[in-house]
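Numbers restart at 1 for each chain; the letters A, B, ... are given by sequence-line order, proteins then strands.
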Protein chains: 2
Amino acid sequence: MYDIFFEHLEKKVQLNESEKELIKSFFTPKKLKKRQFLVVEGHPCIYLTFVSKGLLKAYNVDEKGNEHINQFAPEGWWTSDMNSFFSDEVSFYSIDAMEDSDILVISNKEFEELMLKVPIMDRYFRLLFQNSLITKERRLISSNTHNAEEKYQHILKNNPDLIKRVPQNLLASYLGLSAETLSRLKKNATLGEK
Amino acid sequence: MYDIFFEHLEKKVQLNESEKELIKSFFTPKKLKKRQFLVVEGHPCIYLTFVSKGLLKAYNVDEKGNEHINQFAPEGWWTSDMNSFFSDEVSFYSIDAMEDSDILVISNKEFEELMLKVPIMDRYFRLLFQNSLITKERRLISSNTHNAEEKYQHILKNNPDLIKRVPQNLLASYLGLSAETLSRLKKNATLGEK
DNA sequence: AGAAATAATTGATTTAGATCAATCGGTTTT
DNA sequence: AAAACCGATTGATCTAAATCAATTATTTCT
C-alpha cells in the first residue's frame, strides 16, 4: 500500500528510513468500493488523498444537473478539493471511486504538522503543486483556444492511458464537450485513419 | 523596490533580517518600459519574475493570429512561463509590460540554490503555488461550465480592480471571449441596472 | 440467462457566440 | 492640428457545438 506512495515521493525528494516512518505515521489507509464517496459537494473536504490503487473522479453538478468532471485520479495521483481542504469552506466537488480503490489520507491538521516535522515535505509539495500548476495551465489554454477536435487530439496524445480506462461520456465532460460531440469526433478520427 | 516584495513574502512565511539579506542577493531588479518584452514566445523563459510596480501580461498567439491572454500580473504578483522556467523547453507565452514596470527576477539556477540555502522558501513557494493552483482550477471550471455572461459576472465580482486597469479587448481575450461579445454583455448588464 | 440500467451512436434542430464589416470616439504621433 | 492608430460599439451573418430524440450496444444486476 505504501510502496507506490514512497516510490512517488522519492521521484521528487530523497528520504531516509526514519523520515519515511514518520511520514507514514501521518497517513491513514482507507479502502473505497466502486461508487463510494470520499467527499460530497457542499461538505468540508477534510482529506488530502493519495491514490495507491484504483481510480477516483472529482466533479461538480451544475444547476441544470450536468456533471462536470474536474479531475481523474488514478494510482500515483493526489486528489482533494484543495480550496476546501486548505480553508474552512465547503467542497465544490464530489469525489467518488470509479473502481475499487486503496487510498492514503491526511487531515489538514496533520498536514500542517507534517510540514513542520518533516520540512522536506514542503519541498515535495512545492514540486508537486508546481507541476500541477503547469498542467492545469495547459488545460486552461486548451479550453480557451482549442476547438472540440483539437481538445480531443490533445488528450489522445497526452493521456492515451486515461482514454482506455474512462467511459467516453465522462471523458467528454472532462474536456467540456457533450457526449454526442465526442462520439462524432471519434468517428471522424477513425475514418481518417483508413 | 523590495518593500512590497518582502511584505508579500511575509504574508506567507516569517523571515529574519539575515534571511532577507540572503534572499535579496538572489534577485536582480529590472525596469521595463511600456510595451517592452520580458519573454518572447519560442525562446527560453529564463526568469521567474516578481512585479513590484506596473502591470505585465502573458499571452500567446495562435495560428490564426489571435492573441490569448493567459495572465495579467500587476504589482505583488509573480509571472513566468513556469514550464519553460523549470524545464529546458522554450516558452509558450510572450510576456510584456502594459505599463512602465519595476520587476525582480531570478534565474532557474539561482532559484534552485535559493531553495537549498533558505529552505523556508520551499514553504513560501509551496503556499504560493498551492493558492495559484486553486485559482487556476476555478478559472478552468469557469471556462468549461459557464457561459459568456457568467464568465463576465464572475470576473466583475472577483477582480473589479483588474477591469478598471485593462482594456476591454484584452479582458475579453483573458476570458476566452471575442471583444464584440464582451461589449454586448456589458451593454446588457448596464441596461439591467436601470 | 434474462431484465434493467447505462453508455454510445446517429440524425435533426437550435443556439450561443464567433466572425465579418462598418462607424465612431479617443489617444498618440509627427 | 491633422493624420494615423487603437479600442469600443453596433448590426448582419455564419457556424461549431449543444440540445433533443430515437436506436443500438454494452454492462451490471438478480
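- When each of A:Lys57, A:Arg35, A:Gln36 is paired with A:Asp96, the side-chain contact (heavy atoms from CB on, under 4.5 Å) condition holds for A:Lys57 and for no other.
- The shortest distance between the side-chain N/O atoms of A:Lys187 and the OP1/OP2 oxygens of C:dT10 is below 4.0 Å.
- For the pair A:Arg165 CZ and C:dA7 C1', the computed distance is 19 Å after rounding to whole Å.
- Ring planes of A:Trp78 and A:Phe50: perpendicular class, angle over 60° (limits at 30 and 60°).
- Distance A:Met98 CE to C:dA7 C1': 12 Å, rounded to the nearest Å.
- Relative ring orientation between B:Phe85 and B:Phe111 is described as perpendicular, the plane-to-plane angle rising above 60° on a 0-90° scale split at 30° and 60°.
- Ring geometry, B:Tyr2 versus B:Phe5: the interplanar angle exceeds 60°, so the pair is classed perpendicular (tilted spans 30 to 60°).
- Look at CD on A:Glu67: it is 13 Å from C1' on C:dA7, rounded to the nearest Å.
- Between the OH atom of A:Tyr152 and the C1' atom of C:dA8 there is a distance of 13 Å, rounded to whole Å.
- What separates CD of A:Gln168 from P of D:dT26 is a distance of 12 Å, to the nearest Å.
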For this session: Could you walk me through whether A:Glu75 and A:Arg165 pass the salt bridge (charged side-chain N to carboxylate O under 4.0 Å, His left out) test, one step at a time?
Result: CA-CA 12 Å; A:Glu75 51 283 328; A:Arg165 206 159 159 192; 2.8 Å; yes
Exercise. When every nucleotide of nucleotides 13-29 of chain C is labelled 5' to 3' by its protein contacts under 4.0 Å (heavy atoms), B for base, S for sugar-phosphate only, - for none, what sequence of letters results?
Worked result: ----SSBBB--------
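- Ring geometry for B:Phe129 against B:Phe86 counts as perpendicular: the plane angle is over 60°, on a 0 to 90° scale with 30° as the lower cut.
- Between B:Asn169 and the phosphate of D:dA8, there is a side-chain N or O to OP1/OP2 separation shorter than 4.0 Å.
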